[in-house]
Number of protein chains: 2
Amino acid sequence: MRLTSKGRYAVMALVDLARFDGINPVSLRDISLRQSISLDYLEQIFSKLRKKEIVQSVRGTQGGYILNRKAKEIKLTNIFDAVDEKVKTVQCKKESKKGCNGKSTKCLTHNLWDELETHINNFFDKKSLDDLVKENFERRL
Amino acid sequence: MRLTSKGRYAVMALVDLARFDGINPVSLRDISLRQSISLDYLEQIFSKLRKKEIVQSVRGTQGGYILNRKAKEIKLTNIFDAVDEKVKTVQCKKESKKGCNGKSTKCLTHNLWDELETHINNFFDKKSLDDLVKENFERRL
DNA sequence: ATGATACTTGACTATTTTGGTCAGGTTTAT
DNA sequence: ATAAACCTGACCAAAATAGTCAAGTATCAT
Ligand code: FES
Ligand code: FES
């Protein structure tokens with residue numbers, strides 16, 4: 001069970017961005033330099049964040065990105081969802097009645113993985129971008 | 001964040017095996033057929049489980065595998081550990097003081113991922129093989 | 001004894017996912 | 001005008017995953 005870089009970078013970049021929220025747009029170039037993330041890769045990530053209305057873009061010189069909602073209202077769930085970093089524990093299709101084993105009943109462990117998925121998602125549902133910025137600020141004191 | 005088949009199969013196979021615990025050894029062939037898991041793949045998995053003393057092997061005709069400890073004392077953590085299905089959320093090396101960004105301090109999100117890792121591991125620490133067998137039995141009623 | 005069953009080991013491989021890069025745009029402030 | 005910055009899609013290499021395959025060895029039932 002590993003977290004991918006895409007999800008990690010998305011959150012990292014947004015925390016960086018959120019710190020300047022309301023001051024001015026933040027360019028990907030700056031985030032790239034500060035967080036050591038490839039600029040090209042960041043562009044892919046922000047394209048998705050924009051489509052899911054997590055951020056807004058400001059084009060042209062002095063442009064960049066700004067948050068499209070309040071940091072308190074952006075949960076990790078939203079971010080992960082936007083960049084397709086989904087939590088997937090079961091093998092089967094959930095809607096289907098068939099199990100991952102091809103049989104007509106769910107496998108011995110289906111229920112367990114489903115519980116696990118819920119458990120993990122609970123974590124993501126609770127944490128907001130605002131929480132992260134604050135925790136990070138406190139740790140500096 | 002996805003669970004791999006190796007971890008999923010390991011637990012699935014052990015639940016199957018645990019149901020016959022104390023009655024007789026269970027052959028991988030049987031598990032393979034019942035759970036629709038490749039026999040060759042199961043062999044790899046059980047080799048690891050044996051090395052970590054989760055199961056014991058009984059060779060020869062009518063042989064198979066039996067649990068090496070009580071089902072109540074086998075936690076998901078132990079199983080996942082045995083088959084190298086580790087939960088990995090941070091990018092950096094934990095012991096190192098350096099961050100995943102190559103800088104001398106941990107990145108903005110390090111702490112978050114560390115929390116997440118703990119959160120997930122809590123789940124695995126709680127669940128035992130015995131729990132799983134029982135839950136499964138109850139669901140049948 | 002001897003076959004059949006089942007564990008044991010190690011190498012090998014195909015597929016998928018990941019983590020990017022690259023090339024070529026378009027927009028807009030100065 | 002021009003440079004800064006966003007935008008898009010195609011492309012690609014490395015790593016991880018999910019197996020397969022081959023060649024054993026041990027043990028039991030008959
Ligand atoms: S994971 Fe859903 S049936 Fe096995
Ligand atoms: S994950 Fe540890 S420093 Fe970024």
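Order of the sequence lines sets the chain letters (A, B, ...), proteins ahead of strands, with each chain counted from 1. We use all heavy atoms of the structure for the numbers below, so side chains are in, but hydrogens, waters and symmetry mates are not.
- With respect to the salt-bridge test (charged N to carboxylate O, under 4.0 angstrom), the residues B:E43 and B:R50 do not qualify.
- Look at B:D84 and B:K48 and you find a salt bridge, because one of the NZ, NE, NH1 or NH2 atoms lies within 4.0 Å of a carboxylate O, short of that distance.
- Of the charged side-chain nitrogens involved, none lies within less than 4.0 Å of a carboxylate oxygen, so that B:K70 and B:D21 do not count as a salt-bridged pair.
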A:N78 vs A:R69, side chain to side chain contact (heavy atoms under 4.5 Å, CB included): CA-CA, chis, key distance, verdict: CA-CA 11 Å; A:N78 307 133; A:R69 308 188 229 156; 3.8 Å; yes

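- With no hydrogens or angles considered, a side-chain donor-acceptor pair links A:S128 and A:D131 at under 3.5 Å.
- Between B:E115 and A:K127 there is a salt bridge, since a side-chain N of the basic residue sits under 4.0 Å from a carboxylate O of the acidic one.
- Between A:S38 and C:dG19, a side-chain N or O to OP1/OP2 separation shorter than 4.0 Å is absent.
- Hydrophobic cluster membership is shared by B:I31 and B:Y41, with clusters built from Ile, Leu, Val, Met, Phe, Trp and Tyr side chains linked at under 4.5 angstrom.
- Residues B:E53 and B:N68 have side chains that never bring a donor and an acceptor to within less than 3.5 angstrom of each other.
- The heavy-atom pair separating A:D114 from A:V90 by the smallest distance is N-CG1, 4.2 Å.
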A:T4/A:Y9 under side chain to side chain contact (heavy atoms under 4.5 Å, CB included): CA gap, chis, key distance, verdict: CA-CA 9 Å; A:T4 68; A:Y9 287 163; over 6 Å; no

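- Contacts between residues 50-69 of chain A and DNA chain C, counted as heavy-atom distances below 4.0 Å, involve A:R59, A:G60, A:T61.
- Shown for residues 39-46 of chain A: residues whose heavy atoms fall under 4.0 angstrom of DNA chain D, namely A:E43, A:Q44.
- Criterion: ILVMFWY side-chain heavy atoms under 4.5 Å apart, direct or through other members. Under it, B:V55 and B:V58 are not part of a common hydrophobic cluster.
- The stretch residues 85-96 of chain B does not touch DNA chain C, since none of its heavy atoms comes less than 4.0 Å from the strand.
- Rounded to whole Å, atom C1' of C:dT15 lies 13 Å from atom CZ of B:R2.
- For DNA chain D, the contact window with chain A, defined by any atom under 4.0 Å from a protein heavy atom, covers D:dA3 to D:dA10 in 5' to 3' order.
- The CG atom of A:L67 sits 6.0 Å away from the CG atom of A:L129 when rounded to the nearest 0.5 Å.
- Taking each heavy atom of B:S32 and B:L39 in turn, the nearest pair found is OG-N, 3.7 Å.
- Legend: salt bridge (charged side-chain N to carboxylate O under 4.0 Å, His left out) pairs involving residues 4-17 of chain A, not counting sequence neighbours, sorted by first then second residue: A:D16-A:R19, A:D16-A:R34.
- Against DNA chain C, the stretch residues 13-34 of chain A makes no heavy-atom approach under 4.0 Å.
- By the rule that hydrophobic residues join a cluster once side-chain heavy atoms approach within less than 4.5 Å of another member, B:M12 and B:F20 end up as members of one cluster.
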